[in-house]
Visitor: 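Just dropping this structure here.
FYI, the numbering just counts along the sequence from 1.
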Amino acid sequence: PGRGVLSTVPGNNYASFSGTSMATPHVAGVAALLWSHFPQCTNNQIRNAILHSAIEPPDTSAQNPEGWDIFYGHGNVNAGMAYELLTERGCVGAGGKFPDTANG
């Protein structure tokens, strides 16, 4: 989930919020950006490329064990790394051969 994400609020101001409602628009935006560059990929290949390129958050507290966890999920989305992964490996190499598998 998003943590400490800035968002607009009434009164022409910003505020910081946390939760999946804050992370979802960012991940959806990355998916749309990737799909616009790689329209031949399936939706699951784009999804898997995003998952394979996520990075561990810098938080070193007990709430952030290595790998997947309930606080950060798969990690921070990284559009640049996902783009490079798809560029270097293609849809199948980055996102799997079959639409329902992460590993092809």
Side-chain angles (χ1 to χ4, degrees):
R3 184 171 169 190
V5 179
L6 282 177
S7 182
T8 56
V9 294
N12 200 28
N13 290 308
Y14 294 92
S16 178
F17 297 101
S18 297
T20 55
S21 295
M22 298 306 296
T24 301
H26 296 276
V27 177
V30 169
L33 175 70
L34 293 172
W35 214 343
S36 74
H37 288 278
F38 303 94
Q40 70 278 15
C41 295
T42 67
N43 59 330
N44 283 323
Q45 288 170 330
I46 296 291
R47 174 189 178 270
N48 292 338
I50 292 170
L51 291 176
H52 292 305
S53 60
I55 56 174
E56 268 307 306
D59 181 0
T60 58
S61 71
Q63 287 188 335
N64 184 32
E66 189 172 331
W68 188 91
D69 62 77
I70 63 170
F71 298 100
Y72 292 99
H74 290 279
N76 293 342
V77 67
N78 188 314
M81 286 178 70
Y83 180 89
E84 292 204 15
L85 183 65
L86 285 163
T87 298
E88 292 172 7
R89 298 186 187 173
C91 299
V92 173
K97 182 176 180 183
F98 304 103
D100 60 348
T101 63
N103 299 316

Visitor: Only one of Asn78, Ile50, Ile46 forms a side chain to side chain contact (heavy atoms under 4.5 Å, CB included) with Val30, so which one is it?
Guide: Ile50

Visitor: Measure the NE2-CG distance between His52 and Leu85 for me, rounded to the nearest 0.5 Å.
Guide: 7.5 Å

Visitor: Look up atom CH2 in Trp35 and atom CD in Gln45, then write down how far apart they are to the nearest 0.5 Å.
Guide: 10.0 Å

Visitor: List the atom of Thr8, the atom of Tyr14, and the distance in Å for their closest heavy-atom pair.
Guide: CG2-CE2, 3.7 Å

Visitor: Any side-chain heavy atom of Met81 sitting closer than 4.5 Å to one from Ile55?
Guide: yes

Visitor: Can a donor-acceptor pair be found, under 3.5 Å and without considering hydrogens, that links the side chain of Ser18 to the backbone of Gly4?
Guide: yes

Visitor: Give, for atom CG of Leu34 and atom CG of Asn43, the distance between the pair rounded to the nearest 0.5 Å.
Guide: 13.0 Å

Visitor: Let me confirm one number: the CD-CZ distance from Glu84 to Arg89, rounded to the nearest 0.5 Å.
Guide: 11.5 Å

Visitor: Measuring from atom CG of Asn76 to atom NE2 of His26, what distance do you get when rounded to the nearest 0.5 angstrom?
Guide: 11.0 Å

Visitor: Measure from the side-chain N and O atoms of Ser36 to the backbone N and O of Leu33, and report whether any donor-acceptor pair falls under 3.5 Å.
Guide: yes

Visitor: Could you give the distance from CE (Met22) to CG (Leu6), rounded to the nearest 0.5 Å?
Guide: 8.0 Å

